[in-house]
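Computed from a predicted structure; not experimentally measured. Proteins get letters first, then strands, A, B, ... in listed order; numbering begins at 1 in each.
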Amino acid sequence: MLDQLTVTGLSSLLARGETSSREITQTFLQRIEQIEPLIHAFISWDAADALRQADHADKLRATGASQADKPLLGIPIALKDIIAVRGHPLTCGSRILANFVSPYDSTVAEKLKTAGAVLFGRLNLDEFAMGSSTENSAFGPTRNPWALDRVPGGSSGGAAAAVAAGECPAALGSDTGGSIRQPAAFCGVVGLKPTYGRVSRYGLVAYASSLDQIGPITATVTDAALLLEVISGYDPRDSTSVQEPVPRYLDALREDVKGIRIGLPREYMTGILHPEVRKAIVNAMTVLEQLGAHLVEVSLPHTEYAIATYYLIAPAEASSNLARYDGVRYGLRVDGPDPVAMYSATRGAGFGPEVKRRIMLGTYALSSGYYEAYYLRAQKVRTLIRQDFLRAFELVDAMLTPVSPTPPFMLGEKSGNPLDMYLSDIFTLSCNLAGICGISVPCGFTTAPRLPIGIQFLGRPFGEETILRIAYAYEQATSWHKERPIVPCVGPDISQPGIPGTKLA
Amino acid sequence: MTNERIDIQHLTHLARLSLTEDEKQVIGAQLDDILKYMDKLKELDVSNIEPTAHAVPLINVTRPDQVERSLPHQDALSNAPLQADGLFIVPRIIE
């Protein structure tokens, strides 16, 4: 079963000549054909293009290339449909870009290609990455492979669901307030948000530029370390990328955490925590103590202000970033008698409800008379939140927290109440506001129904090695990551819930 | 409109975003709820706090002023809704 293997597992089969990139790619394409009508993790994919890339990888291997110089040689990797790949669609889950084809490669796509990866498939997301459930996609929601009536999380819900369901061995998502870590937790896979500036944002369609980061979603911590090493590094095309050497992240993985101090933020174990999530987190604490970690209580006193701060700053930046969708140079155009009427009609027809809400909220927060009371105040509170973390990191090497206060919720459960949806991001968004790094790993299941639960490790700026080491040690001591959902293959009698992705070519 | 705090009509103009009457009602009510929640930030004294625009202390990043390869003209036009003679076509701007 090639589709149940990790990147590292597939790489060793390739290295030993026991399979080819074509065979691997074909297996994943078949898996997609079988289960996509149920999951709808992809917006589109191009089988012929994927197989061409796979054949090219096989040819390179035949002429002497190997993992040593191309660490992802022949491995299919799927990207969230907000990361540019030359010649591939780039819809951002929006009607306004429904027919957009990227004329250039993002830096991460270039790096993956240089590493030998087969880039295939455009993964579903909340429109412009705005959401926590992938219900805000203009192309229909993605379903959680563990329970088809539940959301996969968001906004990188397509990426997490595809990796969990064995439709691709690994994926890249983006994380502005938890959009990699929360869906990873909801789908029982690993998701890493790197430190702000670690990975180039060139070619990542901007949502909130001071918070966005690209990161890997994988089945194991080892695969996350491998992908992070490939995509990290300074890029002159992203003025916010940082000139910081890229360590060998795979070398950071060790099976013990002896002497590592892990902080437990007092404010995070609140009453809103679902009892089964709380139990799983407490059990994980015991495992880490047995592995030699010192658990220390810390305080992040401004935690209760994080949601208000984030949901002013991110929409303000979004309202500015999304001004570019005006129907002039690309995307949808709805005609009007003058340019302003054309912009307004285009945007009114092209954006979905959540994007409209955030543009309106951001416009309000930046508008004359309200700027100081809302946007500027939020930026000042952001300073306090960041200082909380930097102070706590003087006492500890990393922190342990839940990812989401609840297990995956039902489709439609929160879509009518935006504020309720925002409140579910409480444990993930401070990480982006503070610009630090975080990883989510599986740490258990609820009993009935059986739904995945994730745990989060937060690290200092550029402290990815430490959180990878802790996550790896924890993963090796437990077996949660070995469980995969059983997704029924589509038979003639099964009704199709989602709108199936478009197969191109 | 829906309340005293938010002038929806003004906001849709600033955002260049046309909304239906229904959308104005719904979004107006939701924004009111959301902004009530945001009032929480007023509990804090931020008078001596510097704002954080983004988390990494980088200032004025520039590159040498050298001509580099950029997106070819035709590629830049490849997604245009309407184009002719290598230009984007837009509605008349000057009367």
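- Only the side chain of B/Gln30 comes within contact range of chain A, with at least one heavy atom under 4.5 Å from a heavy atom of that chain.
- Contacts of A/Met342 with chain B are made by side-chain atoms alone, with heavy-atom separations under 4.5 Å and no backbone atom involved.
- With a threshold of 4.5 angstrom between heavy atoms, A/Arg329 approaches chain B through its backbone and through its side chain.
- The backbone N or O of A/Val101 lies less than 3.5 Å from no partner atom in the side chain of A/His88, so there is not a single donor-acceptor pair.
- Side-chain atoms of A/Asn432 do not come within 3.5 Å of backbone N or O of A/Asp212 as any donor-acceptor pair.
- Both the backbone and the side chain of B/Leu11 come within contact range of chain A, each with at least one heavy atom under 4.5 Å from a heavy atom of that chain.
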Under the side-chain hydrogen bond (donor to acceptor under 3.5 Å, both in side chains) rule, what do A/Thr383 and B/Thr52 come out as? Steps first, then yes or no, please. CA-CA 5 Å; A/Thr383 304; B/Thr52 296; 2.6 Å; yes

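- Put simply, of A/Gln379, A/Arg347, A/Arg357, the one with the most heavy-atom pairs under 4.5 Å next to chain B is A/Gln379.
- Contact between A/Arg95 and A/Gly350 at its shortest, heavy atoms only, is CB-O, 3.5 Å.
- A donor-acceptor pair shorter than 3.5 Å cannot be found between the side chains of A/Ser319 and A/Arg358.
- A donor-acceptor pair under 3.5 Å is formed between the side chain of A/Lys356 and the backbone N or O of A/Gly348.
- Contacts of B/Ile27 with chain A are made by side-chain atoms alone, with heavy-atom separations under 4.5 Å and no backbone atom involved.
- Side chain to side chain, A/Ser209 and A/Asn321 meet the donor-acceptor criterion of an N or O pair below 3.5 Å.
- Of all the listed residues (B/Arg92, B/Arg63, B/Glu23), the one sharing the greatest number of non-hydrogen pairs under 4.5 Å with chain A is B/Glu23.
- If you measure heavy-atom distances from A/Glu304 to chain B, the contacts under 4.5 Å come from both the backbone and the side chain.
- Judged purely by atom type and a 3.5 angstrom limit, A/Asp388 uses its side chain to pair as donor or acceptor with the backbone of A/His302.
- Listed options A/Tyr311, A/Tyr364, A/Tyr422 were ranked by heavy-atom pairs under 4.5 angstrom with chain B; first place goes to A/Tyr364.
- Heavy-atom distances place no part of A/Ala341 under 4.5 Å from chain B, backbone and side chain included.
- Ranked by heavy-atom pairs shorter than 4.5 Å toward chain B, the options A/Gly435, A/Ser239, A/Ser102 are led by A/Ser239.
- Atoms OG and NZ, from B/Ser47 and A/Lys380 in turn, are 8.0 Å apart once rounded to the nearest 0.5 Å.
- Listed options A/Tyr104, A/Tyr343, A/Tyr196 were ranked by heavy-atom pairs under 4.5 angstrom with chain B; first place goes to A/Tyr196.
- At a 4.5 Å heavy-atom cutoff, the contact between A/Arg86 and chain B is made by side-chain atoms alone.
- The environment of B/Glu50 atom CD is sparse: at most 12 non-hydrogen atoms of other residues, nucleotides or ligands sit within 6.0 angstrom.
- Counting heavy-atom pairs under 4.5 Å between each of B/His54, B/Gln83, B/His10, B/Lys42 and chain A puts B/His54 at the top.
- A/Ser241 touches chain B through its backbone: at least one of N, CA, C or O sits under 4.5 Å from a heavy atom, while the side chain does not.
- A/Thr346 places no side-chain N or O within 3.5 Å of a backbone atom of A/Arg333 that could act as its donor or acceptor partner.
- Between chain B and the options A/Val328, A/Asp338, A/Asn417, A/Ile359, heavy-atom pairs under 4.5 Å are most frequent for A/Val328.
- Under the 3.5 Å distance criterion, the side-chain polar atoms of A/Glu267 are matched with a main-chain donor or acceptor of A/Leu300.
- Heavy-atom distances place the side chain of A/Leu423, and not its backbone, under 4.5 Å from chain B.
- Both the backbone and the side chain of A/Pro339 have a heavy atom closer than 4.5 Å to some heavy atom of chain B.
- Heavy-atom pairs under 4.5 Å with chain A were tallied for B/Leu31, B/Leu14, B/Thr12; the largest tally goes to B/Leu31.
- Heavy atoms closer than 4.5 Å to chain B are found in the side chain of A/Phe351, but not in its backbone.
- Between chain A and the residues B/Leu44, B/Val46, B/Leu77, B/Leu82, the most heavy-atom pairs under 4.5 angstrom are made by B/Leu44.
- A/Leu97 does not touch chain B: none of its heavy atoms, backbone or side chain, sits under 4.5 Å away.
- For A/Asn136 (side chain) and A/Met130 (main-chain N/O), a donor-acceptor pair under 3.5 Å exists by modelled atom type.
- Annotation for A/Asn99: atom CG does not count as buried by contact number, only 12 or fewer foreign heavy atoms lying within 6.0 Å.
- Proximity to chain A involves both the backbone and the side chain of B/Leu17, based on heavy atoms less than 4.5 angstrom apart.
- For A/Thr240, the parts lying near chain B are the backbone and the side chain together; criterion is any non-hydrogen pair under 4.5 Å.
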